[in-house]
**Student:** 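Before I ask anything, here is the structure I am working with.
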Amino acid sequence: MKTKLMGAFMLLMILGLTSLKSFSQITTTTGNVSVTSSGNVSIPIIVNNFGPVAAITLTMIYNPEVLVFSNFVADPSISVGLIVNGIAAGATNPPNYRRCIVAWTDPGNGTTPVTLPNGTTLITFNFTSAGGTSPLLFSTVNGQNEYADGNADVLPATFINNSITINNTWIGGSSDYSALSNWSTGRIPTNTSNVIIPSSANFPSIASSVVATAKLLTINSGASLTVQPGAALSIVNGGAVQNLGFGGITNNGTLNVLNGGSLVQALNTTYGGSGVANVTRVGSTSATKYNYWSSPVVGQTLNFGVATDRYSYDPNFAASGINFGFRPANGAAMVAGKGFAVTNGGSKVFTGTPHNGPYSFSALAINNGWNLVGNPYPSSISIASFFAANLGIVGSAYLFFDDGGLLNSSAEYITTNSAGSVVTPSTTGVVNLNGNIGTGQGFMIKANANATVNFTNSQRVATANNFYRSAIAGFRLGVTGSNAYNETLVTFMDDATDAIDNAFDSPKLKAGFALYTMNNTEELAIQALSPLSTLATDIKEVMVGFDAITAGTYTFNAKAFENVAANFKVTLVDLLTGVSHNFNNNANYSFTTVAGSSNNRFKLVFSNDRISSISQINAADDFNAYVVNNTLNINNAKSAVKSVKLVDMLGRTVQNWNNLNANTSLVLNLSNDLANGNYLVQIVTENGASAKKINAVK
């Protein structure tokens with residue numbers, strides 16, 4: 001079948017060039033590719049047995065994540081009618097690659113065919129690249145790669161596919177990984193790049209806050225690459241357009257990941273070579289203080305720190321309390337995902353093949369279900385992703401970082417979950433988390449039932465181990481006194497309810513001095529609530545619990561208002577003294593108390609409008625209270641009363657009445673030894689807690 005040329009190449013493309021004549025087979029292939037120091041890539045298209053040709057339709061397909069089109073240059077013997085560079089939907093294979101299209105007819109409109117010598121560069125496509133591998137494919141779609149003679153007959157032709165690999169090689173004018181002049185392509189490597197680090201005068205160093213990416217990384221013998229604190233190196237399998245093969249590291253030199261740095265590898269990426277990988281983590285140098293550790297490399301044994309203070313954790317032995325689960329583990333294999341407690345760990349360099357891929361750890365629910373696990377990777381893991389993948393455990397983790405006893409004698413730990421984290425140190429200067437658990441960090445979790453704790457690459461985070469998270473709205477309250485500090489966190493999340501949410505509400509681990517909030521009877525380090533409505537009258541009330549080791553003066557501090565609206569207001573109500581304190585106007589509130597625990601003296605009131613007085617807060621649950629004939633009389637409560645507590649002016653509980661019959665009027669017998677004087681009556685109703693000061697004269 002013949003199709004006559006109509007004098008315009010677009011018609012050639014539409015109608016196709018389909019008829020064949022007996023000519024020598026024309027061959028078309030890519031020639032030698034050149035790459036300049038500025039990253040310019042030239043790909044020549046070479047032809048043999050070319051002629052006589054009067055029309056051309058030529059389409060080459062490439063990976064746009066490796067090659068970025070610049071321009072083209074044609075052989076002087078032809079004039080190019082059109083070139084198109086862009087994504088052709090449904091017309092490229094592999095999908096989402098791009099194509100360069102050349103269409104041409106001779107100057108005589110199909111009547112003066114051209115013949116070119118063998119080896120002629122028909123056209124040169126010019127690109128820029130930061131390195132990587134891309135196929136160079138001639139389209140197999142009918143009509144997209146054809147030559148025709150002056151009679152519009154399709155000539156026999158062979159189109160030979162190829163591929164291009166561009167190495168981005170370290171030049172090393174300085175040690176700055178991010179300097180363009182230090183790379184052979186003049187561009188910083190990307191997630192498609194093949195990176196080569198040879199031996200040179202200056203070895204590359206990835207600076208803090210930089211996330212460096214590569215697909216294939218080769219460190220030659222005698223060379224090194226260093227990931228500084230706060231930096232990350234991410235090895236991937238390519239971008240949205242998948243490259244040929246998987247990514248990986250060939251390390252024949254030295255790879256150093258310093259304390260606070262991260263190495264992240266995508267699933268199925270490889271690691272090999274004869275070199276050394278070092279991952280450094282820094283812990284306490286005290287012989288009496290424990291850190292929780294986990295190994296980020298293969299083959300590590302527990303041989304650092306004080307030999308007699310190296311422990312693993314076994315829930316089978318924790319029947320008498322959480323501390324009794326710790327068992328001696330000197331010289332034990334540091335299995336991926338398992339946590340260990342060590343004193344005097346100091347600056348530990350883990351040397352070996354970095355952990356990569358899925359790992360699992362069997363968690364037992366026996367004896368309250370505490371288990372000591374650990375981040376197995378040389379990178380942070382996302383707390384939210386970890387809990388989402390492990391629904392069989394309570395959605396909270398406890399990181400003990402510098403403790404005077406095996407667990408919590410000085411209560412130095414971080415409580416964290418998907419809603420946020422709070423730090424519970426006895427000394428200042430301890431940083432909080434950023435939504436991630438760092439490299440080499442062991443932590444306690446609690447199993448609801450026997451469960452498998454899963455660690456996967458999807459949990460890994462290519463950011464520094466000590467960046468801060470500040471995305472969820474919340475209020476952070478601290479308390480100081482007696483040379484100690486403690487804090488609690490209340491957050492407001494769309495996914496949370498005002499009841500207990502396993503993923504967002506973290507129980508408080510208490511050891512003497514403690515600050516927490518209450519949700520019914522639950523004592524919480526982190527409490528997540530549903531967001532306040534936009535109504536100015538909407539309020540949420542949370543009771544605050546406080547455990548004082550000694551009597552004295554303490555100070556509440558509104559430590560942080562995190563990602564809240566401008567009209568977000570927090571009021572502290574001291575039910576003992578009747579004081580209503582606005583934290584928006586004054587961050588500090590000082591008070592005196594006796595030693596012991598109290599979870600009914602203070603409450604936080606959250607609103608979208610400023611609360612100015614205790615009477616305004618308690619208006620919904622106002623009541624009358626008085627003493628007569630050795631009885632405490634309560635009436636006119638606005639809702640059913642669940643419990644009543646009588647507290648003296650030093651904050652000591654005098655009498656409790658629990659599990660009441662939910663009446664709004666009550667007559668309660670007082671003890672015979674009650675002294676005359678001022679007291680505080682605290683009631684808990686279906687709507688919350690309220691208090692009233694009375695004078696008791698029996």
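Here the structure is a predicted model, which is why all the values come from computation and not from measurement.
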**Student:** Would you sort out whether S360 and N454 count as a side chain to side chain donor-acceptor pair (under 3.5 Å), showing the intermediate values?
**Tutor:** CA-CA 5 Å; S360 60; N454 297 302; 4.9 Å; no
**Student:** Hey, is the main chain of L137 close enough, under 3.5 Å, to the side chain of R99 for a donor-acceptor pair?
**Tutor:** no
**Student:** Please lay out, stage by stage, how T28 and L122 fare under the test side-chain contact (heavy atoms from CB on, under 4.5 Å).
**Tutor:** CA-CA 9 Å; T28 308; L122 183 69; 5.7 Å; no
**Student:** Report yes if some heavy atom in the side chain of L180 is under 4.5 Å from a heavy atom in the side chain of I188; otherwise report no.
**Tutor:** yes
**Student:** Are the side chains of V195 and W183 in touch, meaning some heavy atoms are under 4.5 Å apart?
**Tutor:** yes
**Student:** Identify the heavy atoms of S347 and V282 that sit nearest to each other, and give their distance.
**Tutor:** OG-CG2, 3.9 Å
**Student:** How long is the span from the CZ atom in R476 to the CG atom in L489, to the nearest 0.5 Å?
**Tutor:**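 It is 4.5 Å, given to the nearest 0.5 Å.
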**Student:** Go through T30 and I45 one step at a time and tell me if the side-chain contact (heavy atoms from CB on, under 4.5 Å) criterion holds.
**Tutor:** CA-CA 5 Å; T30 56; I45 305 300; 3.9 Å; yes
**Student:** Determine whether F246 and T270 satisfy the following criterion, side-chain contact (heavy atoms from CB on, under 4.5 Å), listing intermediate values before the conclusion.
**Tutor:** CA-CA 8 Å; F246 294 107; T270 60; 5.7 Å; no
**Student:** Does any non-hydrogen side-chain atom of N356 lie less than 4.5 Å from one of Y271?
**Tutor:** no
**Student:** Could you walk me through whether F386 and F443 pass the ring pair (Phe, Tyr, Trp, His ring centres under 6.0 Å) test, one step at a time?
**Tutor:** CA-CA 12 Å; F386 171 77; F443 56 97; 5.5 Å; yes
**Student:** So which atom in P296 and which in V279 form the shortest heavy-atom distance, rounded to 0.1 Å?
**Tutor:** CG-CG1, 3.8 Å
**Student:** Donor-acceptor pair, T439 side chain versus S379 backbone, under 3.5 Å?
**Tutor:**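 Yes; judged by distance alone, with no hydrogens or angles, the pair exists.
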**Student:** Taking the side chain as C-beta and beyond, is there a heavy-atom pair between Q441 and R281 under 4.5 Å?
**Tutor:** no
**Student:** Whether the side chain of R310 engages the backbone of G305 through a donor-acceptor N/O pair (distance < 3.5 Å, no angle test) should be reported.
**Tutor:** yes
**Student:** Could you check whether F475 and F561 have their ring centres less than 6.0 Å apart?
**Tutor:** yes
**Student:** Quick check: do F387 and I393 have side-chain heavy atoms less than 4.5 Å from each other?
**Tutor:** yes
**Student:** Considering all heavy atoms of both residues, which atom of S294 and which atom of G337 are nearest to each other, and what is their separation?
**Tutor:** OG-N, 4.3 Å
**Student:** Please test N145 against T59 for side chain to side chain donor-acceptor pair (under 3.5 Å), starting from the C-alpha separation and ending with a verdict.
**Tutor:** CA-CA 6 Å; N145 278 291; T59 301; 4.8 Å; no
**Student:** Atom NZ of K348 and atom CH2 of W293: how far apart are they, to the nearest 0.5 Å?
**Tutor:** 8.5 Å
**Student:** The criterion is side chain to side chain donor-acceptor pair (under 3.5 Å); which residues satisfy it with D176, sequence neighbours excluded?
**Tutor:** none
**Student:** Under a 3.5 Å distance rule, please check whether T213 uses its side chain to pair with a backbone N or O of S234 as donor and acceptor.
**Tutor:**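 Checking the backbone N and O of S234 against the side chain of T213, no donor-acceptor pair under 3.5 Å is found.
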**Student:** Taking side chain to side chain donor-acceptor pair (under 3.5 Å) as the test, write out the residues that go with S312, two or more places apart.
**Tutor:** none
**Student:** Verify, without hydrogens or angle tests, whether Y359 (side chain) and Y377 (backbone) share a donor-acceptor contact under 3.5 angstrom.
**Tutor:**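 Judged by distance alone, no pair lies under 3.5 Å.
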**Student:** Taking N375's backbone N and O only, do any of them form a donor-acceptor pair with H355's side chain (distance below 3.5 Å, no angle check)?
**Tutor:** no
**Student:** So, the side chain of T121 versus the backbone of P44: is there a donor-acceptor pair under 3.5 Å, distance only?
**Tutor:** no
**Student:** Restricting to non-hydrogen atoms, name the atom on N237 and the atom on N268 that form the minimum distance, rounded to 0.1 Å.
**Tutor:**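 Heavy atoms of N237 and N268 come nearest at ND2-CB, 4.5 Å.
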**Student:** For this output row, return yes or no: ring centroids of F125 and Y62 closer than 6.0 angstrom.
**Tutor:** no
**Student:** For residues N390 and I445, determine if any side-chain heavy atom of one lies less than 4.5 Å from a side-chain heavy atom of the other.
**Tutor:** no
**Student:** Does a side-chain heavy-atom distance below 4.5 Å link F340 with F304?
**Tutor:** no
**Student:** Mind checking the OG-CE spacing from S139 to M60? Nearest 0.5 Å is all I need.
**Tutor:** 12.0 Å
**Student:** For the backbone of Y97 and the side chain of N63, can you confirm whether one donor and one acceptor N or O come within less than 3.5 Å of each other?
**Tutor:**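 Side chain of N63 to backbone of Y97, a donor-acceptor pair under 3.5 Å: no, none is there.
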**Student:** Kindly compute the distance separating CD (Q459) from CG (N436), expressed to the nearest 0.5 Å.
**Tutor:**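 Between atom CD of Q459 and atom CG of N436 there are 11.5 Å.
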**Student:** So, does N457 use its side chain to make a donor-acceptor pair with the main chain of G357 at under 3.5 Å?
**Tutor:**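 Yes: the side chain of N457 pairs with the backbone of G357.
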**Student:** A side-chain contact here means heavy atoms from C-beta on lying under 4.5 Å apart; do I197 and P204 qualify?
**Tutor:** yes
**Student:** Under the side chain to side chain donor-acceptor pair (under 3.5 Å) rule, what do N259 and T280 come out as? Steps first, then yes or no, please.
**Tutor:** CA-CA 5 Å; N259 183 58; T280 302; over 6 Å; no
**Student:** Yes or no on side-chain contact (heavy atoms from CB on, under 4.5 Å) for F203 and L225, after CA distance, side-chain angles and deciding distance?
**Tutor:** CA-CA 6 Å; F203 296 124; L225 172 62; over 6 Å; no
**Student:** Output side-chain donor-acceptor pairs under 3.5 Å for residues 164-171, partner residues at least two apart or in another chain, one line each.
**Tutor:**
{"unit_1": "T165", "atom_1": "OG1", "unit_2": "T133", "atom_2": "OG1", "d": "3.1"}
{"unit_1": "N168", "atom_1": "OD1", "unit_2": "T185", "atom_2": "N", "d": "3.4"}
{"unit_1": "N168", "atom_1": "OD1", "unit_2": "T185", "atom_2": "OG1", "d": "3.1"}
{"unit_1": "N168", "atom_1": "ND2", "unit_2": "A130", "atom_2": "O", "d": "2.9"}
{"unit_1": "N168", "atom_1": "ND2", "unit_2": "T185", "atom_2": "OG1", "d": "3.1"}
{"unit_1": "N168", "atom_1": "ND2", "unit_2": "R187", "atom_2": "O", "d": "2.9"}
{"unit_1": "W170", "atom_1": "NE1", "unit_2": "N202", "atom_2": "O", "d": "2.7"}

**Student:** Atom CD1 of I249 and atom CG of L233: how far apart are they, to the nearest 0.5 Å?
**Tutor:**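 Answer rounded to 0.5 Å: 6.0 Å.
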**Student:** Evaluate side chain to side chain donor-acceptor pair (under 3.5 Å) for N182 paired with S174, printing each intermediate quantity in order.
**Tutor:** CA-CA 7 Å; N182 282 330; S174 69; 3.0 Å; yes
**Student:** So, does T192 use its side chain to make a donor-acceptor pair with the main chain of G131 at under 3.5 Å?
**Tutor:**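 Indeed, once roles are kept as given, a pair shorter than 3.5 Å links the two residues.
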